[in-house]
Amino acid sequence: MHPFSILTLGIFVAGYITARWDLVTRLCELAIFAWDYGVVTRAAKAFGVLSLVFLLIFIPVERLATREANLWLTAPLSVMPEHDALMRVFWPTDLPRPGLKGVVVGWRNSPLDVFVLAILEEVEPRNVESALQLGTLLRNAPHPVSRIYELCGQSSMRVLGVSNTPESTEVDPSWIRVATGPGRRVPSVTCARASSIQIILFERPLPGRMQYISLNPIALALGDKKGDFRHDGADSGEEEDDEKEERTRKAKKRQLVEKLKQHSIVRHVPSAKEKALAKIINQMNWAWELEQLLQKNVSRIGNRPKRSLSVSERVVESATTARDMMLVWLWDLFRVYVLPVFQKLFIFGLMGHRITAELLLLVLEWRARPRYAALKDISATAQQVEIRLQQFCYWPMQYVTLRLRKNDWGSVTTSHPDYIRFYNSLWLVANDVIIGIALGSYIIDNASWVGEEISDLLSKYTVEALQSSISWLMGWPAGLKLNTELAEFLGDLFLWVIDYWSSCIEALRPALPHIIWFIGFSSFAGASMPIALFSDLLSILTIHIYSFYLASARIYHWQLNILVSLFHLFRGKKHNVLRNRIDSCDYDLDQLLVGTILFTLLFFLLPTVVVFYLNFAFARMAIITLKAVFDTMLSCLNHFPLFAIMLRVKDPQRLPGGIRFELRDTQDFRHAVDDSPSPLPSTSVIYLKSIPLNFKAMFHQYFQMGHRIRKHYLSPHVVLCLLTGKFVPPLNRKNLYSLQYSMLPARRAGVMEMWDAMNSLPSAKKRAAPIIVPVLANGKKLHSNGRLRSYG
Amino acid sequence: MAPTYNIAMVSDFFFPQPGGVESHIYQLSTKLMDRGHKVIIITHAYDGRTGVRYLTNGLKVYHVPYFVIYRSTTFPTVFSFFPMFRNIVLRERIDIVHGHASLSNLCHEAILHARTMGLRTVFTDHSLFGFADAASILTNKLLKFSLSDVDHVICVSHTCKENTVLRASLDPLMVSVIPNAVVAENFKPYSNPAEVARHSFGQDPPPARPLGPHDTITIVVISRLFYNKGTDLLTAAIPRILENHPNTRFIIAGSGPKAIDLEQMVEQNVLQDRVEMLGSIRHEEVRDVMIRGHVYLHPSLTEAFGTVIVEAASCGLYVVCTQVGGIPEVLPSHMTVFAKPEEDDLVAATGKAIAALRANKVRTELFHEQVKSMYSWTNVAIRTERVYNGISGAISEAEFYGYDASNPASWSATRGRSGVQSFALIDRLKRYYGCGIWAGKLFCLCVIIDYLIFLFLEIWWPRGKIDICPDWPRKTVDERREPGVR
Amino acid sequence: MAPPSGLQQSAITPDASNSLENGAQPQHHHPVLVRSATVPVNLKSSRPDPSHLAPEDAFVSASPPRRPGLFDNGNGSGNELRPRRMRRKEASRSRSRRRKRFQKLLWVKQSYPDNYTDQATFLENLQRNPRVQPYDFWPLVADSTIILQHVCSVIIFIVCFVGIFQERVSPVSVVGWGSFATFIGWLLWDWWVGQESQDGPVDGTPRAGAMGTYRDFRPPRRQDSDVGLQALSPSGVNTANPSALPSAASSSTNLIQEPQTQRHAPSASNNGNATSLLTPGHVHSRSVSSIHSVSSQTSAAARAGSGEACGSSGYRGAPASRWDRAKLRLGTIKSAILIYFTLLGLSPILKSLTRSTSSDSIWAMSFWLLAINIFFFDYKGSWDGAHKFPVASLSTNAALMASTVLASRLPSTGQVFSLTLFSIEVFGLFPVFRVYARQRSWRYHVLLTVLLVLGAGCGVGMVLGGEDEHLPWKNGLIGMVVGCLISALALGGCSWWLIGLQKYKNEIYGPWDPARPIIISRRHWDDE
Amino acid sequence: MLTTTAHLYIRRPSPTTAEFTVTTRPALTLPLRLALLSLSILRLTLFFVILFTLYTRFLTTSSLHSSPETNPLLLALASHLHTLHLSPAGQALTRLVAPIPAWLLAGISIPLLCFTVAWELHTSESLLVLRGLGIQTSTTGGFPWGSWRPATRFIPTEKIRDVLINEAFRGFEVRYYLVVVVEGEEDVVVVFPKLLPRRKIVEAVWRGVRGCLYEANDGMWYGVGKG
C-alpha cells in the first residue's frame with residue numbers, strides 16, 4: 001500500500017464524515033443500545049471460544065501441513081545432486097560486496113559450472129531473468145552485443161542465483177545461494193545440487209588498461225615465418241644440413257611420443273567442464289566491461305514510473321544540449337571540410353614515402369641469380385637500411401589495425417601483441433635515434449681524431465702486426481723446424497702484397513676523416529647505422545687478410561690431401577674411390593720412388609705452410625669475431641624488447657605468461673561462514689592468478705641467436721675445417737638477422753594494399769563517430785542512439 | 001612346487017640389434033618367465049634406447065647408458081658399472097645373474113660384481129675362439145678371469161664346451177651343454193601358394209614339390225657376409241655350382257663387407273639372372289626367404305651352434321653345410337650334407353644334395369616335425385632351470401654333479417672348483433690366484449678393489465635407500481603342462 | 001628334456017630317468033651317476049697318443065689334486081687302472097643295460113645330464129702342433145743367408161753415406177760404381193731371361209722386370225706368372241707350398257683352356273692391350289670384352305681366356321718375343337732416364353730440406369726408417385714369374401725415405417743426387433737381382449752373399465778405422481775378417497737357437513678353430 | 001637437522017581438489033624456528049659484511065670517496081660508512097682484503113652475495129590437482145633462477161594425456177618419478193623434478209591424482225599398473 005494512496009483515502013473519509021454528520025450520531029446510539037443489552041459480552045465469549053478452537057486445532061494442523069509441504073518441496077532437491085556433484089563457481093574478487101540481497105548474474109557454462117559477472121541488488125530474480133531475455137540489461141552497449149556472445153561462447157547470460165537471501169525463500173534448485181558481505185572476502189556459496197564446490201576467485205583484468213589473461217604466454221614476435229626462413233637459409237649448405245638433422249631429431253622424437261600415446265591405458269574423453277577453460281578465460285577478460293554495463297543498466301529493471309523532469313532540470317538540460325549541439329556542429333564542420341584535406345595530404349605523403357621505400361628495397365634485394373647474394377646479404381649497412389625501410393612500410397599497416405581495434409570492445413585481446421610490437425618498434429627507433437644523435441654529434445665533433453685513431457689502428461693491426469708476425473715466422477720462430485727457403489718465399493710474397501696494400505691505405509688516409517664525418521652524419525638516422533657502416537668498413541679494410549687466409553688455406557688443404565694419398569702410397573696402399581676404402585696395391589718402382597721422395601719433401605715442408613696458414617687463420621677468426629660483435633650490437637639495438645620490459649615493470653598484467661592457481665586454506669573460510677544455518681558442502685577456495693611473462697621468454701630470441709652463433713662457430717665441423725684448411729664460412733646473415741626480422745612480417749604489404757588500408761581508415765573513423773558524440777549528450781539521446789546501435 | 005628365482009640376464013647384445021645371441025636371450029627369458037621365474041635383462045644403451053623398458057610380455061630391459069666401441073661391445077668400464085649394477089640387482093631382488101656371450105664386457109663385469117655381492121652366477125658361451133692370434137689370447141685371459149669364479153657355465157654345443165673348458169681351464173663338470181632352439185611355429189615349411197604370393201619376395205613361382213627333373217632348384221644362403229662366415233668360399237663356389245647344374249638359382253640374403261666381392265663375381269661372370277641378392281633382411285623375413293628354396297647352403301668357417309641351419313631344416317630345406325665347429329652335432333645326417341671347407345668339396349656336396357633332391361630321396365616335408373621334436377625353447381628353459389636348481393642347492397650337489405653321496409670327501413675335495421662355491425673373499429682370491437703367474441696377481445688385485453668398492457657402496461648407498469620395485473605378476477606353472485615338451 | 005621312447009617303455013627306473021631329464025623333483029633319488037662315469041680319471045700313462053688331451057689336462061694345473069681314493073670307489077675299484085678302451089667297453093656294457101651310450105650330438109635326447117662329460121668323446125679330436133715340421137740345421141742357415149744379404153746391403157749403403165758425408169769417398173765414384181754394377185746386373189738379367197724364354201714354352205715379357213716397365217703388362221701378370229712357374233717348376237722346388245698349390249691348379253686350367261685361347265687370341269689380345277692401359281679396376285671391362293669375343297664361354301673359361309688373351313703375346317712364341325724385348329729395353333731405358341732427371345731436378349730442394357732440423361733427429365729418424373726396412377723386407381722373395389717384382393712397398397719406401405733424409409744432410413747437390421741414386425740402386429733394384437740370382441742357381445747366391453759380407457765388413461772397418469790415411473786397407477782387412485766371423489756366428493747361433501726353441505712350441509688345434517678355406521681360384525677379382 | 005628427507009603433505013579441502021606437497025622442511029618446532037631465524041640473521045650479516053668489504057676495497061683503490069655529496073641521506077650514509085671504515089674492525093678488514101687482487105675479490109664476493117640473498121634452504125615441490133581444470137606443478141627452493149615466486153606450470157585437463165610413474169637412470173641409480181604426458185608436446189613434464197621422492201610417495205601421489213583428476217565414472221584408473 002503506497003503512502004500516497006493512503007493519504008488520498010484519508011482525505012476522502014474526512015470529507016465524507018463532514019458531509020453526513022447525522023449518520024454518525026445514529027451509529028453512536030446504536031452502539032450504546034448494544035452495550036445496554038449485553039451484545040458485547042456475548043460477542044466477547046464467542047470470540048474467546050473461537051480463538052481457543054483456533055489455537056488448539058488450526059495452528060497445529062497448519063504446522064503439520066506446512067511441514068508436509070516443506071517435505072514435499074525439499075524431497076526432489078534431496079535426490080537432485082548429480083553423479084559428479086562438483087560445482088564450479090568463478091567469482092571475481094573485486095566484485096563489490098554489500099550485504100544487501102541481490103541477484104547473481106553471469107554465464108552458465110554447464111549446469112554446475114557458473115561464472116559470476118555481477119550481483120544486481122534490490123531486484124527480483126524474475127525481472128532480471130526477463131530483462132536478460134529481452135536484452136534490456138545490455139542496452140546502449142558501445143559495440144555490437146553479438147560479439148560478446150560469440151567470444152564468450154554462450155548464447156545468453158543467466159541468473160545464477162541469489163545473494164544474501166534468507167533460507168525461507170525457495171529458489172530454483174540449480175541456483176546458488178551466495179552469502180557475501182563486507183566482512184568476508186570469500187563468499188560462501190551453496191547449491192542444492194552440488195555436493196562439493198570449487199570457488200575460483202580471480203582478479204578481473206581491466207580492459208581499459210589493456211590487461212588480460214591468457215593460457216599461453218603472449219607472443220612478442222610475429223609467428224608467421226618459420227617455413228619462410230627455412231627457404232632463405234637454404235643457400236648455405238652447412239646451416240641447411242644441421243637444420244636438417246635438427247628436423248630429423250624432432251621427427252624421431254615425435255615418433256617416440258606417438259609411441260608413448262599407445263602407453264596410456266584409458267583415453268579419457270574430456271567433459272564439457274574440462275573443455276570450457278579457454279572459454280572461461282575469455283569470459284574473465286570480459287568480466288569487467290560486462291559488469292560495468294550491467295550495473296549501468298540495473299536501473300532499467302522493474303516497472304517503475306519514469307519520473308518526469310522538473311522545470312529547472314529541463315532548463316539546464318536544454319542549455320547544455322544547446323551548447324553541445326553547437327560544439328557538435330562545429331566539430332562536424334571541421335570534420336567534413338578540413339580534416340579530409342589533411343588526411344589526404346598525409347596519406348599521399350605516406351604513399352610517396354612508401355613507393356620510394358619500395359624502389360630502394362627492390363634495389364637492395366636484387367639478385368643477379370636466385371642463388372647469388374643480394375646486396376643486403378653482403379653489407380651490414382644495406383641490411384640495416386633494409387630493416388628500417390621494412391619497418392617504415394609496416395608501421396602504417398600496424399597502425400591501421402590498431403585503429404580498427406578502437407571500434408571494438410576493449411576486451412577483445414587479439415590485438416594486444418600487435419600494439420606492443422608497434423610501440424616497441426617505435427620506441428626502439430626513437431631510442432636508436434637518440435643514442436645516434438649523441439654518438440653522431442660526438443663523432444662529427446672530433447671526426448679528425450677518430451679518423452686518426454682508426455687509421456692508426458688499421459696500420460697498426462692490419463699492416464704492421466701482420467708484417468711483424470710474418471717476419472717473425474721467416475726466422476725460425478720458437479724453435480719450429482721451418483724450411484728456410486719456403487718460409488722466405490712465402491714471407492716475401494705476403495710482405496709484398498701487404499706493402500702494396502698499405503700503400504693503398506695510405507692513399508686512402510686523407511679521405512678517412514670525410515668518411516668518418518659521413519658516418520657520424522649518418523648516425524643521425526640511428527646509432528645502428530654507424531655501427532653497420534663500421535662493420536662494413538672493417539670488412540673492406542681487411543680484404544687483404546681475407547685473401548691471405550684464402551690463399552694459405554688453399555695451399556695447406558692441397559698439400560694435406562697430397563700428403564695423405566702419398567702416405568697411402570708409402571704404406572703400399574691406395575684409397576679405392578669406388579668402394580671408398582683402403583686397398584692394398586703394389587706400385588712400380590718408379591712410382592714408389594717419386595712418390596716417396598715427394599712425400600719426404602712435402603712432409604718436411606708441411607710445418608712451414610701450417611705456420612703461415614695458422615697465422616692468417618687466426619687473423620681471419622679475429623675479424624670474424626669482431627664482425628660478430630658488431631652484428632650482435634646491431635641486433636640488440638634493433639630488437640631489444642624495450643617496450644615489453646617497460647610494461648613488465650609498470651603493469652605486469654599486460655604481459656600475461658599463463659595462469660596459476662593457489663589453493664587457499666579453507667579453515668578460516670569455514671570459521672567465517674559457520675554462522676550460516678545450513679551446513680556447507682565441502683568447499684575448496686582457489687585463487688586464479690595471471691603469471692606475467694618471464695624475462696627468459698622476453699629475451700628468448702636472444703638466446704636463440706646466441707645458440708645459433710655458438711653452434712655455427714664452436715661446432716666440431718668448424719674446427720675440422722680449420723684443421724684441414726677448408727674454408728670456414730662466416731655465419732649466414734639470415735640466421736643472424738632472423739631475430740631482427742621477427743618483428744616484421746615475412747612479406748611486406750604491397751603498395752596497393754597499403755593504399756586500401758589507408759582509405760579504409762577514415763571510414764572506420766566515420767563509423768566510430770556517432771559513438772563518440774552522444775557520450776557528451778544526455779540520456780534520452782543516448783538512449784535512442786543505443787537503440788539505433790543495438791538495432792542497426 | 002619348484003622354486004622360482006629372480007634372474008638377471010646380462011649381455012651387451014640385445015634387441016634392437018639383430019642376432020643369434022639376442023634372440024637366444026629373449027626366447028630363454030620368455031620361457032623362463034612362463035615357468036614362473038622373474039627375469040630382467042641388463043644391456044647397454046642403443047641409440048634411442050636408454051633407460052628402462054618393458055617388452056610386451058612384461059620382460060624388463062635395462063639399457064644401461066654406456067658408450068659403445070666396437071660392434072656394440074661396451075668399453076670395459078670395470079668398476080664404474082658396479083654401482084648401477086648393484087642398484088639394479090638390489091631393487092629387483094635378483095638372486096641369479098646369468099651372463100651371455102664371451103665377447104661382452106658387460107657380462108664379465110656383471111659376473112665379477114655379482115660374485116662380490118654374493119649372488120649365484122651362470123655364464124653362457126655362444127662362440128668359439130682359437131688359441132692362436134693375439135686377440136683371442138686376450139679374450140681367453142679375460143674369460144679365464146671372469147670364469148674362474150663362476151658357479152656354472154652353459155655351452156651351446158659340445159665343441160663349444162670343449163673350447164670353453166680349454167680356454168678358461170674349467171672343470172668339465174661345471175659346464176653344461178644346452179643347445180639353442182628355434183621357435184618352430186615361426187619356421188613352418190611352405191604350405192599353400194597363397195602365402196608365397198602374399199609376402200614381399202614372391203616375384204618367382206613357388207618352389208615345386210615334389211621336384212621334377214627339370215624344375216629349377218633354388219639354393220638359399222642367409223648369413224652376414226663376413227670372412228668367418230665363409231663368404232669367400234661362397235664367392236668361389238657359386239659360379240662353379242651354377243655351371244655344373246644348369247637349372248639352379250641362388251638367393252642370397254644378408255649384407256656385410258664381403259658383399260662387394262659377391263656382386264663383382266655376379267657381374268664378372270654374367271649371372272644376374274641366376275643369383276638374386278636381397279641385401280640384409282629382418283629376422284622375421286628369414287622364413288619367407290627360406291621357403292622359396294630347396295637347399296640351404298651354409299659355408300661358414302666357424303660356428304658354435306648354427307641356429308640358422310636348424311631354422312632352414314625346420315622350413316623343410318635340405319641343408320648343405322661345412323663341417324666346422326659345432327655344426328656336425330646340430331642336425332641328423334639325413335637332413336644335411338656335410339662338406340669340408342674347401343671349394344671343390346663344397347661344390348661336390350651341393351651337387352650331391354641337388355642330385356638327392358632331384359631323385360626325391362629326401363623327405364623334406366618331414367623335417368619340420370622332426371626339428372620341432374628336437375629343439376624347443378621350453379626344453380632349453382627346463383634344462384637351464386635344472387642348472388639354476390643345481391647351483392642354488394635345490395638339487396643336492398651329489399645329484400647335480402654326480403658324486404656318490406656315500407663319501408663326502410669326494411665333493412669336499414672339489415668344492416673349491418665346482419659345486420656350491422663359497423663366497424668368502426679368501427676362497428675367491430684362491431681361485432683367481434690360480435689363473436696365472438702375473439695374471440693371477442692382477443686378478444686378485446682387481447677382485448680386492450672390487451670388494452672395497454662394494455663395501456664403500458654398502459656404506460654410501462645403504463640398501464634401505466633403494467626402492468624395491470614391484471614384480472610383474474608372475475605366471476604360475478602347472479605341473480601337468482611341464483612335461484609337455486615331448 | 002624327454003627321454004627316448006624306448007627308454008620310456010623300459011621298466012627300469014622310468015621315473016628315475018624322468019627326474020633326471022627335467023630336474024624338477026630334486027628330492028627324488030637320482031640314478032647312480034657315479035664319479036667314474038663323469039669325472040675324468042687321470043690316465044696320463046695310459047693315454048693312446050700324446051696329442052689326445054683328456055679333460056683333466058684342462059684344469060689339473062689349477063685345481064687341487066684329487067685323492068686317489070676318489071676314484072677307488074667308482075663302480076668297482078680295479079677297473080680304473082685298466083687301459084681306457086677296456087674300461088669304456090666294460091662301462092658301456094654295464095651301462096647298456098640302463099641307457100644308450102652317450103653320443104656327442106645335440107639333436108638326440110640323451111639320457112645323461114647336461115653337464116655329463118664322456119671319457120671317450122670329450123676332446124677326442126684335439127690336436128697339438130699338427131702342422132709343425134722340425135727344422136734341421138743347414139737349410140735353416142741357407143735360408144737365413146737371405147737376411148744376411150739384406151743387412152749387408154743396408155750396411156754398405158750406410159758406409160757409403162758415411163764415406164760421402166766425411167768426404168773420404170767421392171760421391172761420383174760411388175754412384176758410378178753403383179750404376180756400373182747395376183748395368184752389369186741388368187745385362188746379366190737380360191741374358192738369363194733370354195735363356196729362360198728359350199727353354200720355357202712361355203717367354204712372355206721376361207725382362208719387363210728389369211725396371212718398372214712391366215707395368216704395361218700387369219693384367220696378364222698372374223696368368224703368365226703361373227705358367228712361368230710351371231715352366232721352371234724344376235728350379236722352383238723350394239718355393240713355399242701355399243704359393244705352389246694355386247699356381248699349379250690354375251696352370252692346369254690354362255692347359256684346359258689352351259685351344260680356345262689360341263683361337264680367339266688376336267681379338268682378345270688387342271682387347272687386352274687396349275684395356276691394359278687403363279687404370280686399375282678394369283677387370284670387369286676386360287672380362288666382359290673377352291666374353292663378347294667368345295660369347296659361348298662359361299665363366300671359368302672366360303676368366304682364363306681373358307688372362308690368356310692379354311698375356312697371349314707370350315704364347316705366340318719367338319717371332320713376337322724379339323720385338324717385345326726390344327720394346328722392353330726401350331721402356332726400361334726410358335724410365336731410367338725419367339728417374340735420373342727427376343732426381344736431378346729434386347736434389348737441390350732436397351739439399352736444403354732439413355737444414356733447420358737438428359742432425360740428431362735426422363740420425364734417429366733414418367735409423368728407425370732403416371730398421372723398418374730391415375724388418376718389413378719381403379724375405380720370402382717367392383719367385384713367381386719374371387714380372388712379379390718382389391717389392392715390399394713399405395720397406396722400400398722406408399729405405400728410400402731414409403736415404404732422402406740422409407741425403408738432405410749433405411752439403412752439395414751432387415752428393416745429394418748421387419746418394420739418392422745409389423740408394424735407389426741398392427734398395428730398389430738390387431733386391432730383385434738378389435732374388436733372381438737365388439732362383440737362378442745356388443752358386444750365384446752363395447757367391448753374392450760372400451761378396452756382400454766381405455764388402456760390408458771392409459767398409460765398416462774402413463769407416464771405423466778413422467782418418468789415418470796410411471794403410472786404410474789394413475782396417476778394411478780386419479773389418480772383413482771380423483765381419484765374416486760375426487756373420488758366421490750369427491747364422492750358426494741364431495739357427496741353432498731357433499731349433500732349440502722348437503720344443504717349447506705348443507699349438508692347440510681343434511674343431512673350434514676357424515677353418516682355413518681352400519679356394520683354388522683365389523683372389524681372381526680382388527685388389528683391382 | 002634443519003632439513004629432513006623429502007616427505008609428503010596432502011591438503012584436500014574437497015574431494016575434487018588436492019594439493020600434494022613434497023618438501024624437505026621438517027615440521028616447524030620452536031627450536032627449528034630459532035635455528036632458521038639465526039641462520040637468516042647470519043646470512044644477512046654475511047651479506048652486509050661482504051658489501052662492506054667491497055666498499056672498503058673500493059675506498060682503498062679509488063680516491064674519490066671525498067666527493068661532495070648533495071643528497072643529505074646519501075651524505076649521512078657515506079659518513080657512517082666512512083666512520084665504520086675507520087673503525088678498527090673496518091681497518092682490520094681492509095688490511096685483510098688488501099693483498100687480494102680486485103678481480104679475484106669481485107669474483108669471490110659477487111657469487112657469495114647472490115648466494116646469501118637468493119639461496120633457499122628448503123626445497124619443496126607441489127602438485128595441485130583441480131578436477132575439471134587441470135594439474136599444476138610448482139617448485140621452490142635452491143636457487144630461484146628468474147623470479148622469486150615459485151616456478152609453476154599449469155596443464156589444462158584436456159591437454160593431459162596420461163599421468164604415469166616411470167623409471168630412469170639418474171647418476172648411479174634407478175629412480176622412480178612421476179610424469180605427466182602432455183598432448184602435443186614432445187617432452188613429458190616431470191613432477192617433483194628436484195627432489196625425486198621415493199617410490200612410496202610417488203605411488204601415493206599417483207593414486208591421489210588418478211582419484212582426484214577425473215570423475216568417478218571412469219574409476220578404472222585405480223589398481224592399473226604403471227603405464
Side-chain angles (χ1 to χ4, degrees), chain A residues 83-88 110 112-113 195-200 215 250 252-257 260-278 280-281 658-667 669-670 681-686 688-689 691-692 694-697, chain D residues 11-21 126-138 145-147 149-164 166 179-188 210 212-221 223-227:
Chain A
H83 72 277
D84 164 31
L86 164 64
M87 174 124 201
R88 199 161 67 175
S110 68
L112 284 182
D113 183 12
S195 65
S196 74
I197 294 183
Q198 285 178 351
I199 302 178
I200 297 163
L215 270 179
K250 282 205 181 306
K252 191 172 181 183
K253 206 161 185 183
R254 211 168 298 114
Q255 281 178 352
L256 284 180
V257 174
L260 194 62
K261 285 178 182 172
Q262 299 163 2
H263 280 253
S264 63
I265 303 161
V266 175
R267 183 82 193 98
H268 168 76
V269 283
S271 66
K273 199 178 292 182
E274 291 161 358
K275 285 203 289 291
L277 190 56
I280 288 167
I281 295 293
I659 57 176
R660 70 192 172 93
F661 293 88
E662 278 181 21
L663 180 62
R664 285 303 165 88
D665 288 329
T666 44
Q667 280 70 22
F669 169 70
R670 290 198 177 288
S682 68
T683 308
S684 55
V685 182
I686 301 157
L688 185 149
K689 296 187 176 176
I691 308 176
N694 55 0
F695 289 96
K696 190 165 170 297
Chain D
R11 289 168 58 200
R12 193 159 187 170
S14 73
T16 62
T17 310
E19 186 178 37
F20 306 90
T21 311
S126 70
L127 176 71
L128 176 62
V129 184
L130 309 164
R131 175 180 298 176
L133 282 175
I135 285 181
Q136 170 174 298
T137 66
S138 69
W145 304 116
S147 64
R149 83 166 56 82
T152 62
R153 166 84 198 270
F154 174 73
I155 306 165
T157 312
E158 81 261 43
K159 283 272 184 68
I160 298 172
R161 177 171 280 286
D162 203 350
V163 179
L164 19 112
N166 215 343
V179 292
V180 181
V181 185
V182 183
E183 188 97 41
E185 280 188 26
E186 61 186 15
D187 290 338
V188 294
R210 279 293 169 81
C212 185
L213 185 56
Y214 301 117
E215 283 84 3
N217 58 356
D218 47 12
M220 67 206 45
W221 294 116
V224 177
K226 289 188 290 299

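Just so we're on the same page: letters track the sequence lines, and every chain starts at 1.
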(message) With chain D as the partner, which of A:D113, A:L663, A:L277 has the greatest number of non-hydrogen pairs under 4.5 Å?
(response)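 Most heavy-atom pairs under 4.5 Å with chain D: A:L663.
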
(message) Which heavy atom of D:A18 sits nearest to which heavy atom of D:C212, and what is that distance?
(response)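 Heavy-atom minimum between the residues: N-SG, 3.9 Å.
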
(request) State, to 0.1 Å, how close D:E158 and D:E183 come at their nearest heavy-atom pair, and which atoms those are. (result)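 Shortest heavy-atom contact: O-OE1, 4.1 Å.
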
(message) Run the salt bridge (charged side-chain N to carboxylate O under 4.0 Å, His left out) test against A:R254 and tell me which residues pass, sequence neighbours left out.
(response)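 If we apply the salt bridge (charged side-chain N to carboxylate O under 4.0 Å, His left out) test to A:R254, skipping adjacent residues, there are no hits.
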
(request) With a 4.5 angstrom heavy-atom cut-off, could you sort out which part of A:I280 is near chain D: side chain, backbone, both or neither? (result)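 Contact with chain D involves no heavy atom of A:I280 at all.
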
(message) Is D:L133 in contact with chain A via its backbone, its side chain, both, or neither, using a 4.5 Å heavy-atom distance?
(response)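 Both backbone and side chain.
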
(request) Would you mind checking which part of D:V188 comes under 4.5 Å of any heavy atom in chain A, side chain (CB onward), backbone (N, CA, C, O), both or neither? (result)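 The answer is the side chain of D:V188.
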
(request) Go through the structure and list residues passing side-chain contact (heavy atoms from CB on, under 4.5 Å) with A:E662, not counting sequence neighbours. (result)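 With neighbours one apart ignored, the set is A:R660, A:R664, A:Y687, A:K689.
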
